[in-house]
Amino acid sequence: MERMEEKLDKYEVLQDLMRRRGFAWGSFEIYGGSRGFYDYGPLGATIKRKIEQKIREAFQREGFFELETPDITPEKVFIASGHVEKFVDPLVECRKCGARFRADHLVEEALGIDTEGMSAEHLTQLIREHDIRCPECGGELSDVWYFNLMFETRIGPYGDQKGYLRPETAQGIFVNFRRLNAFARNKLPFGVFQIGKAYRNEISPRQGMLRLREFTQAEAEIFFNPNETEHPHFDEVKHEVLRLYPIEHQLKNLGMIEITAEEAVKKGYIMNTLFAYYMVMVKRVLLDIGIPEEKIRFRQQLPEERAHYSRDTWDAEIHSERFGWVECVGIANRGDYDLSRHMKMSGADLTVLIHYDEPKIVKKLEVSLNMKRVGPKLKKDAKRINGLIKGWDEEKKRELVELLEKDGKVTIDGYELEKDDFIIKEVDEKITGEKIVPHVLEPSFGIDRPFYLLLENSLVIEEDRTYLKIKKDMAPIEVAVLPLVAKEPLKGIAYDIFRTLQKEGFIVVYDEKDTIGRRYLRYDEIGTPYCVTVDNQTPEDGTVTIRDRDTREQVRVKIEELPEKLKELIFGS
RNA sequence: GCGGUGGUAGUCUAGCCUGGUCUAGGACACCGGCCUUCCAAGCCGGUGACCCGGGUUCAAAUCCCGGCCACCGCACCA
């Protein structure tokens with residue numbers, strides 16, 4: 001009970017801190033606010049950019065290409081992607097008590113049947129036929145309607161084209177596949193990423209920043225040959241230990257396991273080294289952002305949890321004192337779902353030619369009519385039937401030849417044809433490669449959730465101070481320069497140091513207000529890792545002190561050495 | 001969306017039940033000044049609020065209705 005209060009306390013303290021010191025708060029405050037939207041203040045926006053930058057750098061280290069595509073997207077794209085059909089919940093309302101339910105869940109429960117893909121009309125019909133009633137009050141239920149979680153809009157002044165705000169950034173990458181593939185010079189695998197906004201009209205957003213209607217994602221789509229699922233650099237990461245929570249362990253309540261990436265693949269927990277490689281990458285990015293290792297785990301999604309496009313998904317979850325394990329990154333095997341769907345819908349060729357090491361020589365039957373002989377017989381139909389035969393596949397041609405060998409004749413389209421009516425040749429065909437639809441592995445980072453969880457995990461409440469023990473290079477203000485007292489010559493010297501550090505590229509502030517202790521705590525609270533203090537010794541020997549946020553200890557350094565020293569301390573370089 | 005509780009300066013809160021004495025009080029924070037030589041010291045001065053919209057009433061922070069937002073429970077979370 002006491003612990004519960006502490007947790008609530010910490011959450012309250014953090015919410016207060018985020019608002020008061022300019023990290024983040026609910027949007028549109030002066031008009032009463034709107035659920036599911038959050039603003040990033042000056043310090044929050046800085047941290048958010050730093051998180052994005054860490055992810056960007058990680059993707060770039062893998063050689064991925066960055067892309068930027070529109071938020072507003074024509075309907076066709078999401079018909080192809082399945083979002084128009086599948087990104088919906090069938091809802092039903094009780095006419096008596098007004099309670100709302102998932103219609104499919106009610107029907108499944110009442111009749112024990114699979115409702116996957118059923119229309120609203122069908123569900124309504126089933127509810128009427130079997131007189132399914134409100135589980136709360138027994139009242140009559142309304143008709144079923146589908147609620148799509150995408151925000152709709154109209155493109156153009158006459159509303160001629162329907163559009164949606166994208167519910168994921170991924171589709172912008174898939175629809176650009178031909179150009180991206182050309183950019184990659186037709187060579188798999190390659191990765192493309194996009195950092196941008198996505199929108200979901202959540203039925204009931206709650207939990208602060210954890211379920212937003214507009215949020216930022218960093219998604220990478222790795223296009224690979226499904227026959228080549230080994231990552232060439234897996235050796236570099238194979239000893240990394242991952243904390244896994246596989247499906248089976250969830251179903252049988254077996255708890256989590258800690259296992260190296262290599263063992264996880266060997267024992268079949270993770271399907272291949274390609275998948276495992278990117279799980280390690282995701283873990284390292286989260287560590288780089290400053291999430292403590294013990295707060296990270298990978299949970300495999302249960303089949304019924306998976307999105308419509310997913311064959312297998314592992315979520316990187318971060319532990320929150322307040323909310324438990326929170327999904328922050330999804331790593332999904334999307335197979336060829338998206339490219340195949342876009343290929344069908346648009347007619348574009350989204351395949352890649354996979355070259356064989358050596359061209360394959362394949363024996364191939366060429367069968368056609370001997371027009372000289374059959375022409376007079378078939379007259380007008382000769383050309384048509386010839387085309388028909390040429391278009392047959394290998395198997396059908398073989399059958400034809402066998403029949404001719406056996407019977408000496410065959411009937412096609414009402415005409416009886418003899419062996420000599422055909423020209424049959426066996427030729428060698430050189431095949432240089434094979435066209436495949438690439439498969440996709442997708443590590444998809446949320447940005448807002450790690451942002452919140454980074455702050456929550458960084459917040460330290462002590463007897464005499466509350467401070468953000470945020471990873472030093474993630475701090476929104478990296479250095480504060482403080483004259484011990486607001487008097488010359490200390491003020492002037494401090495201000496000069498401030499300008500120098502600013503020009504050196506630090507995010508730095510100058511502050512002379514209030515007593516020194518108060519200022520230290522002011523910067524501790526927003527996570528500033530170092531305060532540079534100009535004291536009475538400074539005018540004498542040109543040294544200042546650097547105070548450490550976490551230990552409160554001070555070291556004295558020469559002013560000229562400050563930029564170098566601070567870079568080393570903050571960025572470790 | 002449903003039900004419950006709530007919404008007073010940047011933050012926490014007094015006042016609300018029992019309408020007027022509220023020109024809305026306090027603390028912290030913030031701004032200006034004085035003082036101040038290392039971890040939230042002190043003094044002086046200052047800025048700043050009744051969530052929004054209706055209604056009842058001579059009179060509404062206070063009572064009633066609707067909306068919005070927050071928290072809790074339910075439902076939802078591809």
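Quantities reported herein were computed from a predicted structural model and do not represent experimental measurements. Chain naming here is simple, since letters A, B, ... match the order of the sequence lines and numbering starts at 1 in each.
- Summarising the base pairing, B:C50 is matched to no nucleotide, lacking a Watson-Crick or G-U wobble pair whose two defining distances lie under 3.5 Å.
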Would you tabulate the nitrogen or oxygen pairs shorter than 3.5 Å linking the protein to nucleotides 66-70 of chain B?
| from | atom 1 | to | atom 2 | distance (Å) |
| --- | --- | --- | --- | --- |
| B:C68 | O2' | A:Gly32 | O | 3.0 |
| B:C68 | O2' | A:Gly33 | O | 3.4 |
| B:C69 | OP1 | A:Arg35 | N | 3.0 |
| B:C69 | O4' | A:Gly32 | O | 2.9 |

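- With both ends at atom P, the span from B:C43 to B:A27 equals 11 Å, rounded to whole Å.
- Between A:Phe87 and A:His83, the ring planes are perpendicular. Angles over 60° get that label, and only those under 30° would be called parallel.
- Under the Watson-Crick or G-U wobble criterion, with both distances below 3.5 Å, B:A61 is left unpaired in every strand shown.
- Remark: A:Glu463 CD is loosely packed, at most 12 non-hydrogen atoms of other residues, nucleotides or ligands lying under 6.0 Å away.
- A distance of about 23 Å separates the P atoms of B:C16 and B:U11, rounded to the whole Å.
- Nucleotides B:A14 and B:A61 are separated by 12 Å at their C1' atoms, to the nearest Å.
- Taking the centre and axis of the six-membered ring of A:Tyr245, the NZ or CZ atom of A:Arg297 falls outside the cone set by 45° and 6.0 Å.
- With a 3.5 Å ceiling on both atom-pair distances, B:U56 lacks any Watson-Crick or G-U wobble partner.
- For the P atoms, the distance from B:G46 to B:U8 is 26 Å, rounded to whole Å.
- Whole-Å rounding puts the A:Asp16 CG to B:C28 C1' distance at 11 Å.
- Using a cutoff of 4.0 Å between basic side-chain nitrogens and carboxylate oxygens, A:Arg552 and A:Glu462 are scored as salt-bridged.
- Separation of the C1' atoms belonging to B:A40 and B:A29 is 11 Å when rounded to the nearest angstrom.
- Of the nucleotides present, B:G33 is the one that pairs with B:C43 by Watson-Crick or G-U wobble criteria, both distances under 3.5 Å.
- A cation-pi arrangement is found for A:Arg334 relative to A:Tyr309, the charged atom lying closer than 6.0 Å to the ring centre and inside a 45° cone about the ring normal.
- The separation of B:G1 from B:U62, taken at their P atoms, amounts to 26 Å, rounded to a whole angstrom.
- With the nearest nucleotide of RNA chain B identified for both A:Gln207 and A:Glu305, A:Gln207 has the one nearer the 5' end.
- Separation of the C1' atoms belonging to B:G48 and B:G55 is 31 Å when rounded to the nearest angstrom.
- Cation-pi geometry between A:Arg549 and A:Tyr467 is not satisfied (NZ or CZ under 6.0 Å from the ring centre, within 45° of the ring normal).
- Under the 30°/60° scheme for interplanar angles, the aromatic rings of A:Phe174 and A:His342 are found to be tilted.
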Would A:Glu75 and A:Gln161 count as a side chain to side chain contact (heavy atoms under 4.5 Å, CB included) if you check the C-alpha gap in whole Å, the side-chain angles of each, and the deciding distance to 0.1 Å? CA-CA 8 Å; A:Glu75 183 179 33; A:Gln161 194 182 20; over 6 Å; no
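- Ring centroids of A:Tyr495 and A:Phe498 are separated by less than 6.0 Å, placing the two rings close together.
- A 3.5 Å limit on both hydrogen-bonding distances identifies B:A27 as the Watson-Crick or G-U partner of B:U11.
- Straight-line distance between the P atoms of B:G26 and B:C44: roughly 14 Å, to the nearest whole Å.
- In this structure, B:C17 makes no Watson-Crick or G-U wobble pair, since no nucleotide meets both defining distances under 3.5 angstrom.
- Atom pair A:Arg20:CZ and B:A27:C1' shows a separation of 14 Å (rounding to whole Å applied).
- The CZ-C1' distance, from A:Arg19 to B:A9, rounds to 14 Å in whole Å.
- The aromatic rings of A:Phe445 and A:Phe59 sit perpendicular, their planes meeting at an angle over 60°, well past the 30° parallel limit.
- A straight line from CG of A:Leu43 to P of B:G10 spans 18 Å, rounded to a whole angstrom.
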Nucleotide by nucleotide, nucleotides 31-50 of chain B touches protein heavy atoms under 4.0 Å in the pattern (B base, S sugar-phosphate only, - none) -----BBBBBB---------
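- In this structure, B:C2 forms a base pair with B:G73, meeting either the Watson-Crick or the G-U wobble geometry with both donor-acceptor distances under 3.5 Å.
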Determine, stepwise, if the pair A:Phe23 / A:Phe451 fulfils ring-ring contact (aromatic ring centres under 6.0 Å, His included).
-> CA-CA 10 Å; A:Phe23 288 90; A:Phe451 170 88; 7.3 Å; no
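- Whole-Å rounding puts the A:Asn148 CG to B:C76 P distance at 18 Å.
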